[in-house]
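What follows is a set of notes on a single structure, which appears directly below.
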Amino acid sequence: MRPIVIAVICLCIPKFSSEYIVKPDYKVRQAESYAVAEDAKLLVPELLKKYGYPCEIHNVTSKSGYNLVIHRVPYGKEGSTTNTRPAVYLQHGILSSSADWVLNQNNGLLYSLLDAGYDVWMPNVRGTRYSRKHNTLDPDKNAKQFWDFSWHDIAVDDVPSMIDYIIDHVKQEKIFYIAHSQGTTLFYVMCSELPEYNKKIRVMFSMAPIAWMGSMTSPLMKLIAMADWIVGPFLELIGMYEFLPQNSFYATIGDILCGDNSLLQPLCANALFAICGFNKEQMNETLIPTIMGHTPAGAATKQLLHYAQLHNSGQFRKWDYGFFGNIDHYGTFTPPSYNLNKVTAPVYLHYSKNDWLSSISDVTTLSRKLNNVVGKFTVPDHKFNHVDYLYGIDAYKLLYARIISLMKRH
Ligand SMILES: *[C@@H]1O[C@H](CO)[C@@H](O)[C@H](O)[C@H]1NC(C)=O
Ligand SMILES: *[C@@H]1O[C@H](CO)[C@@H](O)[C@H](O)[C@H]1NC(C)=O
C-alpha cells in the first residue's frame with residue numbers, strides 16, 4: 001500500500017513542490033550524464049549526419065492541421081543504388097519519437113533495415129518534439145485545444161496522411177508498416193476505422209503489440225488506471241494537458257522502483273522507463289544518457305488516460321466520455337469497440353514474457369480477434385521487456401533478424 005500512497009501524493013504535487021522531493025545528488029548525477037553524451041543533445045537529422053547517414057526531412061500536415069515531420073533515410077552509408085528500395089513506415093510508440101530507431105548506433109532497427117536494402121521512413125506523430133506544431137494552435141498558449149487528442153485521433157488522421165504522402169512520394173503501391181507499442185495501436189485503429197488503408201500495407205510487424213490491456217502489469221500505469229476518475233479531472237484542473245510531469249515526480253518514482261544508487265537509477269526516473277520498466281541485461285549503460293536526452297519526447301495526457309481506460313474496461317474501444325458524454329458522442333452508454341474484423345492486412349505479432357505493457361494473454365486476445373495473423377512469435381529471452389525492442393543489446397539476434405527474413409517473403 002505504501003508505494004501507492006506515496007505515488008498518489010507525488011502525482012498530485014509535481015507542479016508545486018519540486019524542492020521537497022528531489023534528492024540533491026540525483027540532479028547532479030543527471031547533469032553529469034548529460035554532459036558526457038553529445039548525442040543526448042543532437043536532433044535526429046544531426047545524429048544521422050554525425051554517424052554518416054543521409055537524412056531527409058519531410059513535412060506533412062494532417063487534416064486537422066498538425067504539422068508533422070517524417071525523417072527519412074533512403075539508403076545506408078554506402079550510398080544510393082540504382083535498385084528501387086521498398087519503403088518501410090517505422091512507427092514509434094508513446095512518449096517516443098523517430099529517435100527510437102536511431103540512438104542505438106549501428107545496432108538499432110533502422111540500420112538493420114538499411115543494410116537489408118530498405119528505404120526507411122520514420123514519422124513523428126503530433127505532440128512529439130518534432131511535430132509539436134499546428135497551423136493555428138500554439139501548444140503552450142492554446143494547450144487545452146492543441147493537446148485534446150488521444151491515439152485514436154492520431155490513428156485516423158496523422159498516420160493515414162503520412163502513409164498517403166509516402167506512397168505518393170515513392171510511387172509504390174504498398175509499403176511495409178513496422179511499429180512498436182502505441183505504433184501498433186495506431187495501426188489497428190486505422191485499419192478498423194479506415195479499412196481502405198489495409199490495401200496500402202504490404203505486411204505489418206507488431207513489436208510489443210498494444211490493443212487489449214486488461215492484463216497489463218506496469219505498476220505506474222495500473223496506478224493511473226486505478227485512479228483515472230480522479231487523475232483525469234485533476235490534471236485538467238491544473239492545466240496539464242501535455243503529459244510532461246516534472247523530473248521530481250519521476251525521481252521519486254525512480255527511488256521507489258530502484259532504490260539504490262546504481263547507474264541505472266536515472267532510468268527509473270524517466271517517464272518512459274517508469275511506465276515500461278527495464279531489463280538490466282539488455283540495457284547498454286553507455287547509451288543511457290543519450291536515451292535520457294531524447295525521451296520522453298512528448299505526448300498528450302489523454303493518450304495515457306485512454307490506455308488507462310482500456311485497462312479498466314478490458315476492452316479495445318474508443319475514448320470513454322462518461323455516461324452522458326457517450327450518449328452524446330456515440331449514441332450508446334459505453335464507447336464502441338474497434339472492429340478488428342476489418343483489419344485485413346497481414347500481421348506478424350512479436351511479443352515477450354516480461355513485457356509490462358503488452359502481456360501474453362492480451363496479445364492472445366488480439367490475435368484471436370485479428371483475421372489475418374500470418375505469424376506469432378515470442379522473443380526467445382524470458383527477460384525481454386518493452387523497451388528492449390528498441391535498445392536491447394541482442395535485439396538483432398533475438399528479433400530484427402527474424403523480422404527481416406520474414407519481410408523478404410512478402
Ligand atoms: C520542412 O520544414 C522545415 C522547417 O519548417 C524546413 O527547413 C524544411 O526544408 C522543410 N522540408 C521540406 C521537404 O519542405
Ligand atoms: C553500447 O553503446 C555504445 C555507444 O553507442 C556503443 O559504442 C557500444 O558498442 C554499445 N555496446 C554494446 C554491447 O552494444
Side-chain angles (χ1 to χ4, degrees), residues 29-55 71-73 75-78 90 92-93 95-116 118 120 122 124 128-130 178 180-181 207-208 254 258 260-273 276-297 350 352 354-355 379-405:
R29 245 186 301 133
Q30 204 183 28
E32 278 168 1
S33 322
Y34 278 129
V36 294
E38 184 194 40
D39 287 3
K41 297 182 200 127
L42 296 178
L43 297 172
V44 163
E46 296 163 348
L47 272 172
L48 286 164
K49 191 168 168 221
K50 176 179 160 187
Y51 299 160
Y53 291 87
C55 174
H71 294 131
R72 177 198 193 189
V73 187
Y75 43 81
K77 273 181 181 168
E78 71 292 343
L90 201 50
H92 66 76
L95 299 168
S96 296
S97 70
S98 55
D100 280 12
W101 315 111
V102 176
L103 300 184
N104 195 3
Q105 189 186 348
N106 297 325
N107 292 317
L109 179 55
L110 164 69
Y111 309 103
S112 310
L113 290 169
L114 291 172
D115 288 345
Y118 295 96
V120 184
M122 302 177 290
N124 290 282
T128 57
R129 66 192 295 196
Y130 299 102
I178 305 182
H180 176 239
S181 185
M207 301 192 287
C258 298
D260 61 17
N261 276 345
S262 78
L263 198 58
L264 291 164
Q265 203 191 15
L267 280 186
C268 322
N270 180 298
L272 184 75
F273 293 93
C276 307
F278 61 85
N279 164 15
K280 261 186 187 166
E281 281 154 42
Q282 288 295 325
M283 181 51 70
N284 179 346
E285 294 193 353
T286 321
L287 215 52
I288 293 175
T290 302
I291 298 174
M292 299 291 282
H294 290 266
T295 314
H350 296 269
S352 53
N354 186 38
D355 194 320
V379 178
D381 172 357
H382 68 283
K383 285 193 178 159
F384 212 73
N385 199 344
H386 204 68
V387 289
D388 296 335
Y389 290 85
L390 309 173
Y391 307 120
I393 290 173
D394 300 317
Y396 179 80
K397 205 171 66 193
L398 296 169
L399 179 70
Y400 305 158
R402 175 176 267 160
I403 290 181
I404 285 164
S405 78

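Just so it is clear, the values below take in all heavy atoms, side chains as well, and ignore hydrogens, waters and symmetry mates. We count ligands from 1, going down the list as the structure has it; atoms in each ligand are counted the same way.
Nearest non-hydrogen protein atom to atom 4 (C) of ligand 2 is T286 CG2, 4.1 Å. With hydrogens left out, the protein atom closest to atom 13 (C) of ligand 2 is I393 CG2, 4.0 Å, a heavy atom.
Counting the atoms of ligand 2 from 1 in the order shown, those under 4.0 Å from a heavy atom of L287 are 5 (O). The ligand atoms of ligand 2 that sit less than 4.0 angstrom from a heavy atom of N107 are 14 (O).
The closest donor-acceptor contact from the side chain of H71 to the backbone of A99 lies at 3.5 Å or more, if one exists at all. No donor-acceptor pair under 3.5 Å is formed between the side chain of Y396 and the backbone N or O of L109. No side-chain donor-acceptor contact under 3.5 Å links D115 to the backbone of S112. Of the possible donor and acceptor atoms, one in the side chain of N279 sits under 3.5 Å from a partner among the backbone N and O of K383.
At a heavy-atom distance under 4.0 Å, no atom of T290 approaches ligand 2.
Contact check on D39 versus K50 returns a salt bridge, with a Lys/Arg side-chain nitrogen under 4.0 Å from an Asp/Glu carboxylate oxygen.
In the candidate list D394, D39, N284, N284 is nearest to atom 8 (C) of ligand 2, counting heavy atoms.
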